[in-house]
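In what follows, a single structure is set out as structure tokens and then discussed.
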Amino acid sequence: MPEFFEESEEEEDQLPDIEGEEVVMRMAPYPSGPLHIGNSRMVILNDEYVKRNDGKLILFFDDTIGSKEKKLQHYAYDMIKDGLDWLGVDYHEVYYKSDRMDIYYEYAEKILEKGEAYICECSAERLQKNRREGEECPHRSQSVEKNLKMWQAMLDGAYEEGEAVMRIKTDMQHPNPAFRDRVLFRICNREHPRVANKYHVWPLLEFSWAIDDHLLGMTHILRGKDLVMEDQMEEHIWDIFDWDAPEFLHYGMLRLKDVHLSKSEFQEKIRTGEMSGWNDPRTWSLQSLRRRGIQPEALRDFILGFGMSKTDIEVPASKLYAENRKMIDSKANRYFFVPEPVKITLEGDIELDEVEVPRHPDHEERGNRKIKTAREVLIPKKEWEEKQGEEIRLKNFCNIKLDGKKGVITGSGRRDLIKIQWLPEGLDAEVEMPDSTVVTGKVEKGMSSVSEEELIQFERFGFVKVQGKEPVFACYAHS
RNA sequence: GCUCCCGUGGUGUAGUCCGGCUAAUCAUAUCGGCCUCUCGAGCCGAUCACACGGGUUCGAAUCCCGUCGGGAGCACCA
């Protein structure tokens with residue numbers, strides 16, 4: 001406990017303080033899949049700020065209908081909560097955008113009445129062209145009455161998808177073309193996982209957020225810098241309603257080296273069977289990290305170490321592994337795992353019985369595990385290939401010189417040789433690697449006393465988290 | 001192309017707002033050495049950075065201008 005205190009004290013300097021007596025923040029995941037390591041920055045930062053300021057954190061499912069590419073998934077809601085629980089993120093209230101459609105409609109009407117928005121029947125192409133060229137379309141100058149009528153028609157289903165949208169009036173000469181008369185509502189007939197086909201006019205994020213951030217009394221909004229334009233849009237809408245603006249905080253883009261994260265892509269690969277599910281380590285989902293034995297505290301430290309800078313960063317996954325290793329090294333008991341075993345026969349004088357190996361080199365109190373010694377032993381294929389003709393030590397047993405499938409015993413005293421793991425025989429075992437390939441091999445029989453889900457280290461192989469024991473199946477965390 | 005953001009060692013990060021206390025912090029990585037019957041952990045040491053060019057100033061990583069480089073947005077996605 002004192003260590004934890006020290007840690008967080010240190011970490012405190014990494015985040016800039018925020019102003020305000022009361023802090024209310026929200027995190028808004030889009031439920032197209034479970035949270036992955038990329039999303040964890042958003043939730044951890046929110047959680048951290050709220051905890052440090054004794055504030056309130058709202059979990060707000062940003063489940064408007066989305067695009068065809070990013071599909072909402074009914075199971076994602078629970079997986080997101082599951083991930084947050086695991087991460088130790090405490091939220092105090094839960095909301096769903098899909099529950100609040102009537103509220104958005106109400107304010108949509110108000111904004112039309114104020115003459116600050118209009119219903120546009122231009123095609124998407126036309127709309128984009130006008131935006132690029134800064135030209136106003138004829139719909140922009142329609143009367144309020146006409147707009148309200150068309151809006152009602154939208155709600156009544158008189159338009160098909162793409163035939164009409166509600167747009168806000170900004171300034172078609174706005175220096176940022178992207179800002180010009182953005183779309184606030186559009187028609188979509190796709191089925192929603194929570195409210196099915198109840199609605200077919202859906203708000204876009206800038207509008208729904210402008211309304212909810214105000215209604216729910218948000219004091220600070222934390223978002224990636226990919227969403228900075230949304231700040232401006234929200235501020236514009238708040239101005240129209242004469243509402244006070246919360247404070248915005250931004251962080252830069254975070255990428256893992258050599259890792260490409262895309263939920264819609266994973267969704268597709270899972271659908272086609274190319275990935276086994278969201279447990280697949282390649283998804284980097286929080287669930288898959290838990291399965292590998294990554295500690296939530298390690299992930300939190302990893303993320304907090306980046307602070308709040310707007311700099312874009314690319315970090316190797318080994319940085320996360322280093323954090324994790326610190327936390328699990330003393331917990332994880334040691335066992336022998338022989339990947340791709342090759343059987344060799346020992347020749348020469350040796351007394352056969354059993355050897356004792358400590359469960360943990362730094363914790364003798366955990367006792368020893370016993371391994372029977374035998375003439376025929378299994379060693380890893382890698383060393384068998386690389387160390388031919390050389391002298392090596394079978395750890396805690398004896399020294400041998402490799403000669404094909406023979407091991408000529410050269411003594412049993414400890415010597416300064418490379419020491420490898422070995423087994424007389426063993427239980428079948430499989431280890432799933434981070435790239436989802438599987439390494440097969442044998443583990444010592446003592447493994448049968450290991451509990452499921454236990455985090456252990458296979459000596460000279462890496463840390464793994466046990467998933468099952470018949471046969472032994474484990475997920476590789478890192479070296 | 002347009003709008004905005006960012007540029008400190010291999011990778012991240014502190015310091016930049018309020019210029020001197022910094023011959024620039026910490027972590028990780030790398031390389032040595034010690035220790036250890038694991039290629040794990042631990043301990044000790046070493047290497048390595050203020051993008052560039054001007055300006056302001058007694059003094060600039062810190063302020064100003066310019067250049068270059070990187071990123072994000074420019075969707076009827078979030």
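A, B, ... follow the sequence lines: proteins, then strands. Residue 1 opens every chain.
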Looking at residues at least two apart in the chain, or sitting in another chain, which of them share a side-chain hydrogen bond (donor to acceptor under 3.5 Å, both in side chains) with [X]?
X: A/Arg366; value: A/Asn333
X: A/Glu268; value: A/Arg271
X: A/Lys395; value: A/Glu459
X: A/Arg186; value: none

Nucleotide N/O to protein N/O under 3.5 Å, stretch nucleotides 46-49 of chain B:
none

Q: Using ring-ring contact (aromatic ring centres under 6.0 Å, His included) as the criterion, list what pairs up with A/Tyr335, not counting sequence neighbours.
A: none
Q: Can you sort out the partners of A/Tyr107 under ring-ring contact (aromatic ring centres under 6.0 Å, His included), two or more places apart, ordered by chain and number?
A: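 Listed in chain order: A/Phe241, A/Trp243.
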What's touching nucleotides 73-77 of chain B from the protein side, N or O pairs under 3.5 Å?
residue : atom : partner  : partner atom : Å
B/rC76  : OP1  : A/Gln128 : NE2          : 3.4
B/rC76  : OP2  : A/Arg131 : NH2          : 2.9
B/rC76  : N3   : A/Gly162 : O            : 3.4
B/rC76  : N4   : A/Cys122 : O            : 3.0
B/rC76  : N4   : A/Ala124 : N            : 3.2
B/rC76  : N4   : A/Gly162 : O            : 2.9
B/rC77  : OP2  : A/Arg186 : NE           : 2.5
B/rC77  : OP2  : A/Arg186 : NH2          : 2.7
B/rC77  : O2'  : A/Ser67  : N            : 3.3
B/rC77  : O2   : A/Lys70  : NZ           : 2.0

Q | Side chain of A/Thr311 - closest among B/rC6, B/rG70, B/rC37 | A |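 Minimum distance to the A/Thr311 side chain belongs to B/rC6.
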Q: State which residues pass side chain to side chain contact (heavy atoms under 4.5 Å, CB included) with A/Lys269; sequence neighbours excluded, sorted by chain then number.
A: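 For A/Lys269 the side chain to side chain contact (heavy atoms under 4.5 Å, CB included) partners, ignoring immediate neighbours, are A/Glu265, A/Glu274, A/Met275.
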Q: Using the test salt bridge (Lys or Arg N to Asp or Glu O under 4.0 Å), find all partners of A/Arg334 that sit at least two apart in sequence or belong to another chain.
A: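 A/Arg334: salt bridge (Lys or Arg N to Asp or Glu O under 4.0 Å) contacts with A/Asp329.
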**Q.** Taking every non-hydrogen atom, the tightest pair across A/Phe302 and A/Val315
**A.** CZ-CG2, 3.8 Å
Q: Kindly say whether, by distance alone, the side chain of A/Arg334 makes a donor-acceptor pair under 3.5 Å with the base of B/rG40?
A: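 Flag set: donor-acceptor pair detected.
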Q. Contacts to RNA chain B from residues 362-369 of chain A, heavy-atom cutoff under 4.0 Å, which residues?
A. A/Asp362
Q. Is it the case that A/Lys263 places NZ or CZ above or below the six-membered ring of A/Trp278, under 6.0 angstrom from the centre and within 45 degrees of the axis?
A.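 No.
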Q) Quick one: stems for RNA chain B, with Watson-Crick or G-U pairs under 3.5 Å, at least three in a row? A) B:1-7 with B:68-74, B:10-12 with B:26-28, B:30-34 with B:42-46, B:51-55 with B:63-67
Sugar-phosphate, base or nothing in reach of [X], heavy atoms under 4.0 Å:
X: A/Phe463; result: sugar-phosphate
X: A/Asn396; result: base
X: A/Glu383; result: base

